[in-house]
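When reading the values below, keep in mind they use all heavy atoms of this one structure, side chains included, and skip hydrogens, waters and symmetry mates. Below, read A as the first sequence line, B as the second, and so on, with proteins coming before strands; counting in each chain starts at 1.
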Amino acid sequence: MTKFVLKRLAHTVIVLLGVSVMVFFLIRYLPGDPLDVLFTQGSGDEVTAADDLAEGRRRFAEGIGMVGSLPSQYLNFLSEIVQGDLGTSIFRRIPVSTLIATTLPLTLQLAIAGQIVNILLSLPLGIVGALKQNSIWDRGGTAFALIGTAMPNFWQGIMLILIFAVWWPILPVSGVMDLGLSVEHITGIPIVDAFVTGNWPAFWSIIRHLILPAITLGASASLVRILRSSLLEVKHQDFMDAYRARGLRERSVTSHMMRNALPTTVVIFGIRLGAIIGGSVVVETVFAYQGMGWLLINAINQRDYPLIQGIVLTFTVFTVLANLLSDIVHGWLDPRVKVEAKT
Amino acid sequence: MIDTPLLEVNDLSVRFGSVAAVSSVSFTVRSGEVFGVVGESGAGKSATAKAIIGLLPQSARVEGSVRFRGEEIRGASDATLRKVRGAGIGYVFQDALTALDPVRKIGVQLIESLQIHKDVSRKEAAKVAEDLLGEVQIKDPARCMSSFPHQLSGGMRQRVVIAAALIADPALIIADEVTSALDVTVQRRVLDLLLKVCADRGAAVIMITHDLGVVAQTCDRVAVLYGGIVAEEADVFDLFDAPRHPYTKALLQSMPRIGEDVPFVPIPGSAIQVVGKLHSCPFAGRCSYATQECLVDVPPVTTEEDGRQYRCVHALEPVS
Ligand SMILES: Nc1ncnc2c1ncn2[C@@H]1O[C@H](COP(=O)(O)OP(=O)(O)OP(=O)(O)O)[C@@H](O)[C@H]1O
Ligand code: SF4
Ligand SMILES: [Mg+2]
């Protein structure tokens, strides 16, 4: 087990290196340069001479390490990361690590809420679909999941905003909580902090703000098909009939079927977590939910290189960790899988 | 009703869509006997067995009657069927690897199977399970109880499957090709073991196989299935001595016999799948005795004085 975790951590480092190379060079080949925005004539209060502007720009670039060849800049960036320094946001002048620390908890909060919606929808649809295969319920559930997957998240979000904010305004559609409310900083995750400090107005406000984005994230019920197909795979195995032949109630047989379908479901869920995190970028932007995804879109629009790099690397770490965790859980749920042997 | 047979199957038919897997099969199994069901692949052996305990898929159309200890169980309520399954009739599955739940320990599965039928504590159930594992010659029952199926060898798993079928003390065991997944040396031992354990408990056995050698060595009576009908049913010695049905004879001749100089003759052609309702002798296409008469209808059942039955219009002479 320890050996397995160590091996996977080594893999993680390799993945991170690859991602860092890609993001570093790709964003620099995108048209647009952040310094163009900062150092343009007329951008300051007083009219600056072109020479001064160029000089200022040179000094600024030097200050944030944007001089020299790209490969040497990359190596600098790498050595700073190794020392735990993600750099400073070009526009916000705040360390990238601080920005991530304040937005990451919001993203986690939203992602978890979205997955709760997903699971609540998927469990009944997937189980009924597998038990009553090809029935109306099964076809309905599959169609629902298919439509949910085919509809882009941003479109679903906009439709929900239209319905619940414009036509029938009962839910807030942007932000994390109502203006004027705040919670004490304990864990950084607002809903948890509001709960432990007993700050009920903030707590309810946070929940109300979570509803629409969480539905948008989770309503695709992406687990339905995974669950249904894992259950169907188990349903037709001999031991199901062997259980019945020993006189088990159908209810017990079904529960054994679910227990058997669990490992596969968990693994596929883990593999898909990357996509789920990607979905949060879009949803946060649509609902102005100021988490890490929303910050990423802002950073990309401004070509805020250090911030983009920091966020992308953080997303990568989480995706890899989620996969690692699901593999461990898989080995724990399915005795046939030897976690050590899998790498 | 002094001597109610253990199991009476009457006019049992099974159809999968247009495929007639079993057509009007009847036979009787008495307490404690070993009853063989033999036939080529596709003859309808498994379909018959599964129809008896009501485990065919929804798509199957089942007709006829199955009485266990005089009680009709064909189309019976779930509650009735649940009581019979496991405690009345035990079913040993062909493939031992897939007949056990892969994610639960052997002990838990055995204990569960007993507790459904008997009001015993977990501890008592565990004791019964361990003793039974010892009885089916598993060397370290305690260790086996806490193992997962994949940790056991094929022979061990098959013993566990036998134990699972026997644990609630059924009066009848249906063994559907129990050993065909094992290698030959193990096959014999597992089969003997199954018969011994059943004999010790006085349980009857329906031994389903395509191997006449197994039938010869283990069964009291045998039904030969072909194309979903019982071609012939007889006492094992009588059947081997003097088959009355051409298919039985062909089957006997196709069986290689060690130490005898008779050449073995494979049956020409291949087994059929009956589509639609059966209107002729299913064996007609491969039978060397076939005449126009055989194609008119399914041959009626002929019953002899000693109880032997066969369905053929040109039955072979009773001398061998
Ligand atoms: N679930 C099913 N759906 C459709 N047809 C089936 C099904 N099960 C069996 N059949 C058909 O019914 C016929 C009898 O099958 P059965 O399984 O009873 O044969 P068998 O004698 O047990 O053969 P084997 O020795 O191969 O196990 C075959 O023609 C088979 O194709
Ligand atoms: S009924 Fe005719 S075809 Fe069928 S086994 Fe007898 S002789 Fe052969
Ligand atoms: Mg079969």
Side-chain angles (χ1 to χ4, degrees), chain A residues 128-139 227 230-269 326-342, chain B residues 46 49-50 52-59 78-106 108-110 112-118 146-151 157 160-161 163-168 170 173-174 176 181:
Chain A
V128 169
L131 289 183
K132 305 239 175 287
Q133 193 185 356
N134 295 331
S135 66
I136 294 192
W137 292 102
D138 180 27
R139 290 181 200 283
L227 191 63
S230 334
L231 282 170
L232 282 180
E233 203 177 295
V234 181
K235 187 183 178 184
H236 297 298
Q237 286 186 22
D238 277 357
F239 71 83
M240 297 289 289
D241 270 347
Y243 270 137
R244 295 188 184 100
R246 284 175 222 149
L248 255 75
R249 284 169 184 283
E250 205 50 41
R251 195 166 0 110
S252 318
V253 176
T254 306
S255 88
H256 293 324
M257 168 164 106
M258 300 216 287
R259 172 64 186 79
N260 269 274
L262 202 56
T264 326
T265 310
V266 167
V267 162
I268 301 181
F269 187 57
S326 77
D327 277 352
I328 291 173
V329 173
H330 184 212
W332 174 58
L333 288 174
D334 189 339
R336 287 166 296 184
V337 181
K338 272 268 155 285
V339 170
E340 281 91 338
K342 257 192 70 185
Chain B
S46 300
K50 290 201 167 143
I52 291 173
I53 51 166
L55 276 184
L56 284 168
Q58 301 265 301
S59 60
D78 274 358
T80 310
L81 274 175
R82 273 205 309 273
K83 247 183 274 157
V84 171
R85 292 175 185 163
I89 304 176
Y91 199 105
V92 185
F93 277 75
Q94 174 170 355
D95 189 348
L97 178 56
T98 54
L100 293 166
D101 188 332
V103 305
R104 299 171 76 219
K105 291 186 176 158
I106 306 281
V108 182
Q109 298 188 44
L110 289 178
E112 178 186 48
S113 306
L114 180 58
Q115 282 188 319
I116 301 163
H117 299 292
K118 302 251 153 77
S146 56
S147 304
F148 289 102
H150 73 276
Q151 294 168 325
R157 273 199 297 258
V160 171
V161 170
L166 279 165
I167 196 157
I173 288 282
I174 299 176
D176 189 355

Region of B:I116 in contact with chain A, defined by heavy-atom distances below 4.5 Å | side chain

If you count heavy-atom pairs under 4.5 Å between each of B:K105, B:R104, B:H117 and chain A, which one has the most?
-> B:R104

Highest number of heavy-atom pairs under 4.5 Å with chain B among A:Q237, A:M240, A:R244 belongs to A:R244

Max heavy-atom pair count under 4.5 Å with chain A, selected residue of B:P170, B:A99, B:A87, B:P57 | B:A99

Going through the checks in order, is the side-chain contact (heavy atoms from CB on, under 4.5 Å) test met by B:V103 and A:R259?
-> CA-CA 8 Å; B:V103 305; A:R259 172 64 186 79; 3.9 Å; yes

Measure the spacing between CD of B:Q109 and CZ of A:R246 and express it to the nearest 0.5 Å.
-> 6.0 Å

B:A165 versus chain A, heavy atoms under 4.5 Å apart: side chain, backbone, both or neither?
-> neither

Looking only at heavy atoms, which two atoms of A:A242 and B:F93 are closest? And how far apart?
-> CA-CE1, 3.4 Å

Please list, chain by chain and in numerical order, all residues satisfying ring-ring contact (aromatic ring centres under 6.0 Å, His included) with A:Y243, sequence neighbours excluded.
-> A:H256

Toward chain A, the part of B:L55 with a non-hydrogen atom under 4.5 Å = both

Could I get the full list of side chain to side chain donor-acceptor pair (under 3.5 Å) partners for B:S113, not counting sequence neighbours?
-> none

Heavy-atom nearest pair, B:P102 first then A:P335, reads O-CG, 3.5 Å

What option among B:I53, B:V161, B:D101, B:T98 has the most heavy-atom pairs under 4.5 Å with chain A?
-> B:D101

Please look at B:I89 and chain A and tell me whether the side chain, the backbone, both or neither of the residue comes under 4.5 angstrom of a heavy atom of that chain.
-> backbone

Considering non-hydrogen atoms only, spot the tightest contact between A:A245 and B:Y91 and give its length.
-> CB-CB, 3.9 Å

Does NZ belonging to A:K132 count more than 12 external heavy atoms closer than 6.0 Å?
-> no

